[in-house]
Amino acid sequence: MAKITLSNLRHSYEANPKTDQDYALKQIDLDWDDGGAYALLGPSGCGKTTLLNIISGLLTPTQGQVLFDGRDVTHLPPDKREIAQVFQFPVIYDTMTVYDNLAFPLRNRGMDEATVKQRVTSIAEMLELGDALNRRAAGLSPDNKQKISMGRGLVREDVNVIMFDEPLTVIDPHLKWKLRSKLKELHQRVRATMIYVTHDQTEALTFADQVVVMDAGEIVQIGTPVELFERPAHIFVGHFIGSPGMNVLPCDVQGDTVRFEGVEVAIEGPVKSGEGDLKLGVRPEYVSLGDGPLRGEVIHVADVGRHNVIDLRIGQSQVRAIAEGAVPPIGQVMAVAFRHDKTRVYRDGHIVSQPAGGAV
Ligand code: ADP
Ligand code: MG
């Protein structure tokens with residue numbers, strides 16, 4: 001295992017990149033701590049696979065360095081990096097048995113057959129492939145093939161990192177949930193550094209201790225699932241995580257006074273001064289009805305099972321609230337409050353309000 005450092009990384013697929021737009025990765029500086037369970041979360045095309053391929057050595061970055069425990073491996077080929085990578089679609093040997101597929105990475109390193117057997121059996125058990133060990137991989141269903149692929153990634157104990165690139169894409173929904181919790185369990189058992197790439201917030205939040213959120217070739221926030229939910233550092237994170245996402249509203253800031261639709265609202269703490277486009281951010285979970293300084297008209301109500309999502313019109317803006325209990329009728333005008341310690345101000349997308357009593 002190793003600590004992996006990405007230093008001053010940029011990557012472009014173009015021969016002569018000029019502007020930031022030409023870069024798939026714009027600027028990445030990041031440490032992956034030894035033994036961590038990480039998720040790399042972001043929309044399709046934001047650069048997740050590019051980043052993984054740079055860590056594994058399938059790609060050489062246009063600029064910057066990859067370090068394993070401080071050692072520069074930027075120009076080391078993949079097979080010298082001691083890394084396991086599981087791809088989106090199964091990469092297996094169809095003509096071999098399941099057992100031989102799982103044993104391959106171990107035999108390749110000259111491991112004795114007794115240890116191979118013990119490792120293969122235990123991984124197969126975990127992935128519920130135990131009954132299929134003697135079957136040829138060719139005859140198996142796509143999800144079983146992907147399980148083999150994952151098993152091949154998990155079977156070695158001596159890797160620096162195990163990386164999963166959207167591994168559950170081809171897996172049946174009910175099995176997805178199961179494999180995800182298995183991976184988490186496995187991480188707790190083997191304590192290998194794992195990087196789990198996904199565009200699905202549920203997958204990221206259930207698997208990882210630390211979630212790295214990417215957008216358009218940049219890291220916008222790194223945090224625990226709770227931190228990302230409670231205090232999004234960027235409007236993108238507020239939107240992308242949570243269901244429905246954070247309300248992003250116009251606001252007017254004069255000194256320490258923040259107004260929304262002409263009404264003064266309390267926020268978490270002082271706002272750092274500066275120029276730029278200011279927005280108020282508050283999650284629907286922290287918008288409450290029945291009391292407060294704002295007046296909102298109910299324009300839509302959706303029953304989503306555990307609670308209701310209520311759309312309100314406040315002045316020129318639309319605000320979402322999550323509410324339990326009785327559903328107000330459409331057209332009703334209600335008092336609305338934003339929970340002040342959960343209400344933030346963003347400038348040009350980045351958080352600029354500070355928590356009361358402490359700098360962040
Ligand atoms: P993700 O895995 O987050 O979906 P990728 O890393 O695959 O994103 O892609 C990031 C960006 O780089 C996208 O704009 C994509 O079109 C581009 N890209 C990816 N692979 C290549 C390639 N081999 N050649 C040119 N452009 C690529
Ligand atoms: Mg990808």
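Whatever order the structure lists them in is the order used to number ligands and atoms, beginning at 1.
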Would [X] and [Y] count as having a side-chain donor-acceptor pair, cut-off 3.5 Å?
X      : Y      : answer
Asp165 : Thr49  : yes
Asp72  : Gln65  : yes
Gln318 : Asn247 : no
Thr50  : Asn53  : no

Short of 2.8 Å from the Mg ion (ligand 2), name each protein N/O/S atom, waters not counted.
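For the Mg ion (ligand 2), the protein N, O and S atoms that sit under 2.8 Å away are Thr49 OG1.
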Please verify whether a non-hydrogen atom of Gly42 lies at under 4.0 Å from ligand 1.
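Checking ligand 1 against Gly42, which is what was asked, there is no heavy-atom contact under 4.0 Å.
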Does a side-chain N-to-carboxylate-O contact under 4.0 Å join [X] and [Y]?
X      : Y      : result
Lys3   : Asp69  : no
Asp209 : Lys184 : yes
Arg313 : Glu297 : yes

For atom 4 (O) of ligand 1, is the nearest protein heavy atom closer than 4.0 Å?
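Under the 4.0 Å cut-off, atom 4 (O) of ligand 1 does have protein heavy-atom neighbours.
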Does atom 15 (C) of ligand 1 have any protein heavy atom closer than 4.0 Å?
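No.
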Quick one: which of Asp215, Leu25, Thr49, Leu40 has a heavy atom closest to atom 7 (O) of ligand 1?
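Selected option, by shortest heavy-atom distance: Thr49.
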Which word best sums up how the rings of Phe207 and Phe164 line up, parallel for under 30°, tilted for 30 to 60°, or perpendicular for over 60°?
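Perpendicular.
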What residue and atom, counting heavy atoms only, is the protein's closest point to atom 10 (C) of ligand 1, and at what distance?
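In this structure, atom 10 (C) of ligand 1 has Gly45 O, 3.4 Å as its nearest protein heavy atom.
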Considering only the protein, which heavy-atom contact is closest to atom 23 (N) of ligand 1, and what is its distance?
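The closest one turns out to be Tyr13 CE2, 3.7 Å.
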Sub-3.5 Å N/O-N/O distance, Gly47 and ligand 1:
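Checking ligand 1 against Gly47, an N or O pair does fall under 3.5 Å apart.
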Leu76 vs Phe68 side-chain heavy atoms within contact, under 4.5 Å:
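Contact flag for Leu76/Phe68 side chains = no.
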Test item: Met163 and Ile83 side chains (from C-beta on) under 4.5 Å apart, heavy atoms:
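Side-chain contact under 4.5 Å: yes.
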Numbered atoms and elements of ligand 1 in range of Ala24, under 4.0 angstrom, heavy atoms
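The atoms of ligand 1 under 4.0 Å from a heavy atom of Ala24 are 11 (C), 12 (O).
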Against heavy atoms of Thr50, which atoms of ligand 1 measure under 4.0 Å?
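Matching atoms, with element in brackets: 5 (P), 6 (O), 9 (O), 10 (C).
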